[in-house]
Amino acid sequence: MPVKKRPVSPRQKMINLMYVVLMAMLALNVSSDVLNGFSLVDKSLQTTTRNASQTNLAIYEDFEEQYQANPKKVKEWYDKAQTVRKMSDTLFNLAEELKELIVRQSDGRDGRVDSIVNREDLEAATSVMLAPGTGRGRELYESINSYRERIVAMVTDSAQRRIISSNLSTELPSNIRTLGKNWQEYMFESMPTAAAVTLLTKLQSDVRYAEGEVLHGLAANIGVKDVRVNELNAYVIPSSQTVVQGGKFTAQILMAAVDTTNRPTIYIGGQAIKSDRGIYETVCSRTGDFTLKGYIEMLNAQGEQVRRDFEQKYTVVAPSATVSADLMNVLYAGYDNPMSVSVPGVSASQLQVSMTGGSLTPHGEGKYIAKPTQVGGEAVITVAARTEGRVQEMGKFTFRVRKLPDPTAYIAYDDGQGGQNRFKGGKLAKRVLLDAGSLGAAVDDGLLNIPFRVVGFETLFYDNMGNAIPEVSQGADFTQRQKNMFRNLSRGKRFFITRIRAIGPDGVERTLDGAMDITVN
């Protein structure tokens, strides 16, 4: 059944006629001089593109030679170069394909890009790039965006990144009325064939330029711009200056090359060090783990600044010596015995200390509190250190556990200068005796200063007939009756404090031997 054509309205005929007239006017406006100018620009761009392609090809060949000579060193950069080559050729070939399609649309199947006949044709580029369903403009737009993002990410120089991004930009000019057109419509709608081909040739030139910039950067990483050297030295770099018995000595042995005529500048903490041989020294005033960080700068053979960061960890330990007296290795049961533990060459933070026969509590850097439990037994302290990623035992130390010695009783009194004295027997001024309020006790032998709590004692006085008069206190304080008897004592009179009971930090109550003999002065 034949399809009946709809009649064309007079209004539609007028619109069609006006479109034909407009196209004719546009064609007349594209003068031959303008079209010749496009052809000249296109040829110039093609020459630039060929030169860039030859330069890039030489770098690819150099990559190939270096990869064959030293695959392990070059592989990373060689693989990146091949990626750049593949994605650059893909976009370049797409632009070449579109140029050929536009020219054939304009000149026919035998049309050639290098000799365009219908250079002023306004329909060919529109048809190839914008035709509904078959137009290639969107494909080109997305390919340029994808290439630009990937290639710019591989450029390290910020100025070059800006240039490449600008060359491959798909943003519409902000100062021109685009009438709602997208990028592909703005670039190719009603564009003469000669102009469309020139735009695509410029894109090819920009691709080769971006490709070359990335290749030069990759080549710099494998030695194309190596620093020149004139002296070779052997160096041994140990992992640690101190090795504990049973541990491993690890060192990296290498050959280092230097240029004695071009010393690098070394920066630590943002400040250049003043040494022409790269020697850095600092006074280590604190112990602990530290990190030396900085960077080195120098000029390479092309006069470009090269920077390399560095980082080195090190440990500062306090000078230490261990002196062991076999007859004095004693810990007191129930008492907080202070201990110091250190291993030369190992920081306190790397130590692991444990104890059997009691508890061991950290109390500061390298300090511990040992509290054994059983009198007459032994407490063993084991010291281990974490070195070279493993825990190594450094030694075991055995201590005999003893009961705290009995304290000595005393009467505390002011020395008149803001201090306090301890009276332990002998002559005592009556005024001092009356001012004293209680009795104290402590182990105070010059080495230990361990306070005890007095829980009771007895005073013993004698009357004129020689009869003993005892008076008992149920605590550390003198009773009122005892104080009254102190007041009645005349000069030269004696009395005794006996049966003193005291409890030490171990919780054990003991009755002290002997008596405190006091003569009133």
Side-chain angles (χ1 to χ4, degrees), residues 23 25-56 88-131 135-145 147-148 151 163-173 175-179 181-213:
M23 291 298 100
M25 293 176 65
L26 287 173
L28 290 174
N29 285 336
V30 182
S31 66
S32 59
D33 290 339
V34 173
L35 295 174
N36 288 336
F38 278 123
S39 298
L40 291 174
V41 172
D42 186 72
K43 290 181 180 179
S44 176
L45 288 172
Q46 290 183 20
T47 301
T48 301
T49 303
R50 281 194 299 271
N51 293 338
S53 297
Q54 292 174 359
T55 301
N56 295 346
S88 297
D89 286 349
T90 298
L91 182 56
F92 184 95
N93 293 337
L94 174 60
E96 188 66 26
E97 178 186 355
L98 295 176
K99 285 164 60 175
E100 293 176 357
L101 290 174
I102 292 173
V103 172
R104 289 174 184 170
Q105 183 72 22
S106 176
D107 292 352
R109 294 178 58 184
D110 297 329
R112 295 173 53 188
V113 175
D114 58 353
S115 56
I116 305 173
V117 176
N118 297 317
R119 296 179 298 173
E120 72 285 357
D121 189 340
L122 301 177
E123 296 294 332
T126 303
S127 176
V128 172
M129 304 300 291
L130 304 175
R136 305 286 294 277
R138 184 68 183 181
E139 177 187 354
L140 179 64
Y141 171 79
E142 293 176 350
S143 298
I144 294 174
N145 287 339
Y147 179 79
R148 182 185 64 249
I151 205 73
I163 294 173
I164 293 173
S165 296
S166 176
N167 290 346
L168 298 171
S169 175
T170 55
E171 294 183 3
L172 296 178
N175 58 345
I176 296 178
R177 295 181 61 189
T178 59
L179 301 178
K181 295 181 179 180
N182 57 29
W183 177 83
Q184 54 267 35
E185 291 172 341
Y186 176 79
M187 297 296 293
F188 294 102
E189 186 176 24
S190 300
M191 184 66 64
T193 298
V197 169
T198 302
L199 287 174
L200 292 171
T201 302
K202 178 184 179 300
L203 172 61
Q204 291 176 315
S205 178
D206 292 335
V207 168
R208 291 304 182 214
Y209 171 80
E211 179 184 16
E213 288 301 313

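Residue numbers run from 1 in the order of the sequence given. Values below: all heavy atoms of this structure, side chains included; hydrogens, waters and symmetry mates excluded.
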Which heavy-atom pair separates [X] from [Y] by the least distance, and what is that distance?
X: Ile164; Y: Glu213; result: CD1-CB, 4.1 Å
X: Asn56; Y: Glu211; result: ND2-OE1, 3.3 Å
X: Leu94; Y: Arg136; result: CD1-NH2, 3.6 Å
X: Val207; Y: Tyr147; result: O-OH, 3.4 Å
X: Lys181; Y: Glu185; result: CA-OE1, 3.4 Å
X: Ser190; Y: Thr126; result: N-OG1, 2.7 Å

With rounding to the nearest 0.5 Å, note down the distance linking [atom1] in [X] to [atom2] in [Y].
X: Gln184; Y: Leu140; atom1: CD; atom2: CG; value: 8.5 Å
X: Lys99; Y: Thr198; atom1: NZ; atom2: OG1; value: 8.5 Å
X: Leu200; Y: Leu45; atom1: CG; atom2: CG; value: 11.0 Å
X: Asn93; Y: Ser143; atom1: CG; atom2: OG; value: 11.5 Å
X: Arg50; Y: Thr55; atom1: CZ; atom2: OG1; value: 13.0 Å
X: Phe188; Y: Ile102; atom1: CZ; atom2: CD1; value: 6.0 Å

Verify, without hydrogens or angle tests, whether [X] (side chain) and [Y] (backbone) share a donor-acceptor contact under 3.5 angstrom.
X: Thr201; Y: Val197; value: yes
X: Ser205; Y: Thr49; value: no
X: Ser106; Y: Ala124; value: no
X: Asp107; Y: Val117; value: yes

Any residue meeting side-chain contact (heavy atoms from CB on, under 4.5 Å) with [X], in chain and number order, not counting sequence neighbours:
X: Ser166; answer: none
X: Asn145; answer: Tyr141, Arg148, Thr170
X: Glu142; answer: Arg138

Checklist line | Option passing side chain to side chain donor-acceptor pair (under 3.5 Å) with Asp206 (candidates Arg208, Gln204, Lys202) | finding: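 Considering Arg208, Gln204, Lys202, a side chain to side chain donor-acceptor pair (under 3.5 Å) with Asp206 is found only for Lys202.
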Note to self: Could you go through Leu203 and Leu199, starting from their C-alpha distance and side-chain angles, then the distance that decides it, and tell me whether this counts as side chain to side chain contact (heavy atoms under 4.5 Å, CB included)?
What the structure shows: CA-CA 6 Å; Leu203 172 61; Leu199 287 174; over 6 Å; no
Note to self: Does Asp114, at its CG atom, have more than 12 non-hydrogen atoms belonging to other residues, nucleotides or ligands within less than 6.0 Å?
What the structure shows: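 Check passes, neighbour count above 12.
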Checklist line | Sub-4.5 Å side-chain heavy-atom contact between Asp121 and Pro192 | finding: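 Not in contact.
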